[in-house]
A.B. asks: 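Okay, handing you the structure first.
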Amino acid sequence: MNYWLMKSEPSTFSIDHLAAAKKSTSGWDGVRNFQARNFLREMKNGDLAFFYHSSCDVPGVAGIVKVVREGYPDPTAFDAKDDHYDPDSKRDNPRWYCVDVKLEKKFDEVVTLEELRKHEKGKLKNMIVLKRGNRLSVTPVTKSEFEFIASLATSI
DNA sequence: GCCAACGTTGGC
DNA sequence: GCCAACGTTGGC
C-alpha cells in the first residue's frame, strides 16, 4: 500500500466536485506529464492519496481519496473535442493513463500550504510538493508524511 | 545528443 | 499579472 498526492485546480475539479460525483468516484484524467503518468501507473487499488488544491486562494490538502481502479488509458487523450486531446496517443499504443479515485474523507478545514510550510524543515523535510520549483501533479508521499498531515487535519 | 526557444505550472 | 522553475520541442 502506497501513498500519493494529487493536485487539481479547484476551479476545474475540486474535492466538492468529487463529492458530488456518482458514488463519489471519478476518473483522474488529463495528466500530461510523463513522470506523473508513471506514478499513476504505479498506483494500486486501495492506495490512498491527498487531494491537493492548487492555483487557488488557499492552496493545500483538502482531503483523502482512495484508488479504486488502477491505471488505464486516459480516454480524454483520444477525444478530439477534449482540452486534453493528444493526437499522438493511439488506442493501440496509448501515451496517457488515468486512475479512478473515490472520496475517502473531506477535511473539515483545508490543511493549507502555509501550514505545511511550518514543517518543511521538520517532519515534512522530504515532502516533494514543498520542494522548490516542484510542479509535478502526482507525487509519492511517505507513510509518515501521510499520517502526519492527516493528523494535522484532525487537530484543527 | 545538445541546447535555445517556447509553453506551462503554481505561488505570490 | 508576474515570474521563477522546469518540461518539451525541434533545429542542427
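What you are looking at is a predicted structure, and each value in this text was computed from that prediction instead of being measured. Numbers restart at 1 for each chain; the letters A, B, ... are given by sequence-line order, proteins then strands.
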A.B. asks: Please give, in whole Å, the distance from C:dC6 C1' to A:N134 CG?
C.D. replies: 10 Å
A.B. asks: A:W96 has an atom CH2; how far is it from atom P of C:dG7, in whole Å?
C.D. replies: 13 Å
A.B. asks: List for me each residue that meets side-chain hydrogen bond (donor to acceptor under 3.5 Å, both in side chains) alongside A:W28, sequence neighbours excluded, and say none if there are none.
C.D. replies: none
A.B. asks: By nearest atom, which of the nucleotides C:dG7, C:dT9, B:dG11 is closest to the A:R95 side chain?
C.D. replies: C:dT9
A.B. asks: Would you say B:dT9 has OP1 or OP2 under 4.0 Å from some side-chain N or O of A:K7?
C.D. replies: no
A.B. asks: Determine, using ring centers only, whether A:W4 and A:Y52 are less than 6.0 Å apart.
C.D. replies: no
A.B. asks: Could you walk me through whether A:N38 and A:Y97 pass side chain to side chain donor-acceptor pair (under 3.5 Å), step by step?
C.D. replies: CA-CA 8 Å; A:N38 293 343; A:Y97 282 73; over 6 Å; no
A.B. asks: So, is the end of the A:R37 side chain (NZ or CZ) under 6.0 Å from the ring centre of A:F39 and within 45° of the ring's axis?
C.D. replies: no
A.B. asks: Starting from P on B:dT9, measure out to CD on A:E9 and report it in whole angstrom.
C.D. replies: 7 Å
A.B. asks: On the nucleotide B:dT9, are OP1 or OP2 found under 4.0 Å from the side-chain N or O atoms that A:Y52 carries?
C.D. replies: no
A.B. asks: Measure from CG on A:D88 to P on C:dT9 and round the result to the nearest Å.
C.D. replies: 8 Å
A.B. asks: For the pair made of CG in A:L136 and P in B:dG11, what is the distance, rounded to whole Å?
C.D. replies: 13 Å
A.B. asks: Please give, in whole Å, the distance from B:dG10 P to A:I128 CD1?
C.D. replies: 14 Å
A.B. asks: When you measure from the side chain of A:R135, which nucleotide among C:dT8, B:dT8, C:dT9 comes out closest?
C.D. replies: B:dT8
A.B. asks: Over how many whole Å does the gap from A:N33 atom CG to C:dT8 atom C1' extend?
C.D. replies: 10 Å
A.B. asks: What integer distance in Å separates A:L116:CG from B:dG11:C1'?
C.D. replies: 13 Å
